[in-house]
Amino acid sequence: MHLLLIEPDLLLAKIYMAALKRAGHTVKHAVSAQQAVHLADKHAPDAVIVELQLPRHNGVEFLYEFRSYSEWLQVPIVVHTAVPLSELAGAATLHAELGVQRVLYKPATSLEQLCTVIQQVAAAAAPAAVS
């Protein structure tokens with residue numbers, strides 16, 4: 001699966017990319033929303049992993065822009081964030097309006113759990129892609 005990882009912390013991005021590659025995925029990395037849109041346009045991701053705390057435009061703004069393109073409406077999205085889930089006032093919006101499949105809190109999510117969630121999201125999206 002081709003993943004787009006949007007993570008502003010370069011050290012974390014390197015760790016996540018290594019784990020995701022070991023799990024058999026190809027990964028493109030962006031540090032900002034603008035770079036992510038460019039990479040998505042160029043490399044057509046099968047799924048997106050996004051941190052909400054991004055420079056300039058936050059992750060929610062990225063998601064609204066990403067979902068504004070018809071070719072990206074069905075791309076699965078996993079929010080992997082340092083924002084505590086209790087502080088995500090718009091969590092329902094993430095799911096209902098932006099089609100986010102899962103929201104993971106970084107401090108409580110192991111690399112193995114992240115890879116497992118990506119596999120689950122991919123498996124759930126596969127039948128939709130076939131029809």
Restricting to pairs with a member in residues 44-60, which pass salt bridge (charged side-chain N to carboxylate O under 4.0 Å, His left out), not counting sequence neighbours?
E51-K106
Let me see the working for L11 and I15 under side chain to side chain contact (heavy atoms under 4.5 Å, CB included), right down to the final yes or no.
CA-CA 6 Å; L11 179 59; I15 293 167; 4.3 Å; yes
Step-by-step side chain to side chain contact (heavy atoms under 4.5 Å, CB included) determination, Q101 to I77
CA-CA 6 Å; Q101 279 72 26; I77 295 173; 4.2 Å; yes
Walk me through it: do K28 and K42 pass the test side chain to side chain contact (heavy atoms under 4.5 Å, CB included)?
CA-CA 10 Å; K28 296 294 181 188; K42 190 173 180 181; over 6 Å; no
Apply the side chain to side chain contact (heavy atoms under 4.5 Å, CB included) test between I49 and each candidate in L4, L20, I6; give the one that qualifies.
L20
Approximate separation, where rounding is to 0.5 Å, of Q34 CD and E61 CD:
12.5 Å
Near E112 CD, under 6.0 Å, is it more than 12 heavy atoms from other residues, nucleotides or ligands?
no
If every non-hydrogen atom of A47 is compared with every non-hydrogen atom of M1, which pair is closest and at what distance?
CB-SD, 3.9 Å
Please examine the side chains of R102 and V121, heavy atoms only from C-beta on, and report whether any two atoms are closer than 4.5 Å.
yes
I'd like to check the ring pair (Phe, Tyr, Trp, His ring centres under 6.0 Å) partners of F62; sequence neighbours left out, ordered by chain and number.
F66
Heavy-atom nearest pair, C115 first then A19, reads SG-O, 3.6 Å
With sequence neighbours excluded, tell me which residues meet side chain to side chain contact (heavy atoms under 4.5 Å, CB included) with V31.
L10, H29, Q35
Tightest non-hydrogen contact, residues L39 and A30, listed as CD1-CB, 3.9 Å
Determine the minimum heavy-atom distance between A13 and L5, stating which atoms define it.
O-CD2, 3.9 Å
Hey, could you give me the CG/OG distance between N58 and S32, rounded to the nearest 0.5 Å?
12.5 Å
For a quick test of reading the model, state the closest non-hydrogen atom pair linking Q113 to T109 and the distance between them.
OE1-CA, 3.2 Å
Using the side chain to side chain contact (heavy atoms under 4.5 Å, CB included) rule, take I118 and H25 through it: C-alpha gap first, then chi angles, then the decisive distance, then the call.
CA-CA 10 Å; I118 293 302; H25 306 291; 3.9 Å; yes
Would you say the side chain of V48 lies within less than 4.5 Å of the side chain of L63, judging by non-hydrogen atoms?
no
Could you state the interatomic distance from OH (Y64) to CG (L98), rounded to the nearest 0.5 Å?
4.5 Å
Got H57 and E65 here, is their nearest side-chain heavy-atom distance under 4.5 Å?
no
So, does R67 use its side chain to make a donor-acceptor pair with the main chain of W72 at under 3.5 Å?
yes
How close do Y16 and L111 get, heavy atom to heavy atom, and via which atoms?
CD2-CD2, 3.5 Å
To the nearest 0.5 Å, tell me how far L114 CG sits from T116 OG1.
8.5 Å
